[in-house]
Amino acid sequence: MEENLFKKTIVETPRNSEQRCLCVLCLDVSGSMKGKRIEALNEGLQEFSRAVKKDPVARKRLEIAIVTFDNIIEIRQYPELIDFFDMPTLQAAGTTRLVDGVRTALRIIEERKQYYKKHGLNYYRPFVILMTDGEPDIGQDIHGLAQEIKEGVDQKKFTFWAVGAQGCNYKVLNYICHPHMPPKALDGLKYKEFFQWLSATMTIVSKSSPEKRFLPPPITSWELSDLSAEPTQKPFDETNE
């Protein structure tokens, strides 16, 4: 993993004293995403930004970070409130260093939690949202990552959700995910619908108490249901470690 990704030192003081909800988007931009898929993903990101900005509470509490992965890992956005950055326009190329991408997202979470604690900010359990249409490159440490995710979720360090687009290796994705949070399948190019759902979910979280559970909106607008292995939807426990 490129260590220089983390050479940026966060020195800013908090923009406000509101409690924080961190959402790290970990996005596959490998070559298989070229064409309509990357276009739909970019449209979805813009929709996410527009929707969050409409809510006066979420725009003060929801911090977004963006990690992209192909054969290189890039932090396209460090954690920031939606009003203080523009969504990047992503391009697709290369292979799929998925494991390194997710580990970068997890490291961002741990560093940002230290920042919150340093400045006395309350925070919700952070979210990692993985979106991919493929499978990890050969030689990637899938087993190690799966263990890290299971332990992190069990210890309430973060919530991990994965969404696979057409072409994704769901067997591998299911192995990586926590057994209580299996991956979801994206229906076609419904990235916009997914990000509308995600903005609604993050808005609900940002208005809730960090010690309480929340129930996400239905996912029927974007999920390819016949590939879903999830049982009846239950509230998520959002207490922190």
Side-chain angles (χ1 to χ4, degrees), residues 21-30 32-33 36-45 47-48 51-52 62 64-69 90 92 96 98-99 101-102 105-106 109 124-136 142 145-146 148-150 152-154 157-205 213-238:
C21 177
L22 174 59
C23 178
V24 184
L25 304 176
C26 190
L27 307 175
D28 184 345
V29 293
S30 59
S32 58
M33 286 288 292
K36 291 184 178 179
R37 288 186 182 180
I38 199 69
E39 292 174 4
L41 175 57
N42 282 318
E43 182 181 358
L45 290 173
E47 177 62 26
F48 186 45
V52 173
L62 178 62
I64 299 167
I66 302 174
V67 176
T68 59
F69 59 91
L90 306 179
T96 312
L98 183 150
V99 172
V102 174
L106 298 181
I109 283 176
Y124 304 88
R125 193 188 314 176
F127 289 79
V128 177
I129 310 298
L130 169 65
M131 299 194 78
T132 181
D133 73 336
E135 62 182 303
I142 298 172
L145 179 63
E148 290 173 38
I149 291 172
K150 184 179 186 302
V153 172
D154 284 342
K157 290 184 176 181
F158 53 81
T159 295
F160 185 86
W161 289 341
V163 178
Q166 184 177 6
C168 171
N169 186 328
Y170 288 98
K171 183 177 181 180
V172 172
L173 199 59
N174 190 67
Y175 179 77
I176 290 172
C177 290
H178 192 281
H180 295 163
M181 299 178 184
K184 298 296 185 182
L186 187 72
D187 186 2
L189 296 175
K190 291 186 176 181
Y191 289 90
K192 183 176 180 179
E193 289 83 354
F194 168 78
F195 280 104
Q196 288 172 338
W197 172 86
L198 184 62
S199 66
T201 300
M202 293 297 102
T203 297
I204 291 171
V205 175
R213 298 182 178 186
F214 76 98
L215 185 66
I219 62 176
T220 53
S221 62
W222 57 267
E223 184 200 22
L224 187 60
S225 58
D226 61 346
L227 289 180
S228 173
E230 181 170 280
T232 303
Q233 198 172 21
K234 297 180 180 179
F236 292 96
D237 179 3
E238 286 305 299

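Residue numbers count from 1 along this sequence.
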Exercise. Looking at V205 and Y124, what are the two nearest heavy atoms and their distance?
Worked result: O-CE2, 3.1 Å
Exercise. Is any side-chain heavy atom of V24 less than 4.5 Å from a side-chain heavy atom of V67?
Worked result: yes
Exercise. Partners of K192 by side-chain hydrogen bond (donor to acceptor under 3.5 Å, both in side chains), sequence neighbours excluded?
Worked result: none
Problem set entry | Contacts of type side chain to side chain contact (heavy atoms under 4.5 Å, CB included), residue I204, not counting sequence neighbours | F214, P217
Seminar exercise, completed: E148 meets the salt bridge (charged side-chain N to carboxylate O under 4.0 Å, His left out) criterion, sequence neighbours left out, with R103
Exercise. By side-chain hydrogen bond (donor to acceptor under 3.5 Å, both in side chains), which residues pair with E193, not counting sequence neighbours?
Worked result: none
Problem set entry | Contacts of type ring pair (Phe, Tyr, Trp, His ring centres under 6.0 Å), residue F194, not counting sequence neighbours | W197, W222
Exercise. Excluding sequence neighbours, so at least two apart, what forms side-chain hydrogen bond (donor to acceptor under 3.5 Å, both in side chains) with S32?
Worked result: S30, D133
Problem set entry | For E47, all residues meeting salt bridge (charged side-chain N to carboxylate O under 4.0 Å, His left out), sequence neighbours excluded | R50
Exercise. Listed by chain and number, what are the ring pair (Phe, Tyr, Trp, His ring centres under 6.0 Å) partners of F69, not counting sequence neighbours?
Worked result: none
Problem set entry | Partner set under salt bridge (charged side-chain N to carboxylate O under 4.0 Å, His left out) for E39, not counting sequence neighbours | none
For this session: Could I get the full list of side chain to side chain contact (heavy atoms under 4.5 Å, CB included) partners for A40, not counting sequence neighbours?
Result: L189, Y191
Exercise. Looking only at heavy atoms, what is the nearest atom pair of R37 and M33, with distance?
Worked result: CB-O, 3.5 Å
Exercise. Got a sec, which residues hit side-chain hydrogen bond (donor to acceptor under 3.5 Å, both in side chains) with N42, two or more places apart in sequence or on another chain?
Worked result: none
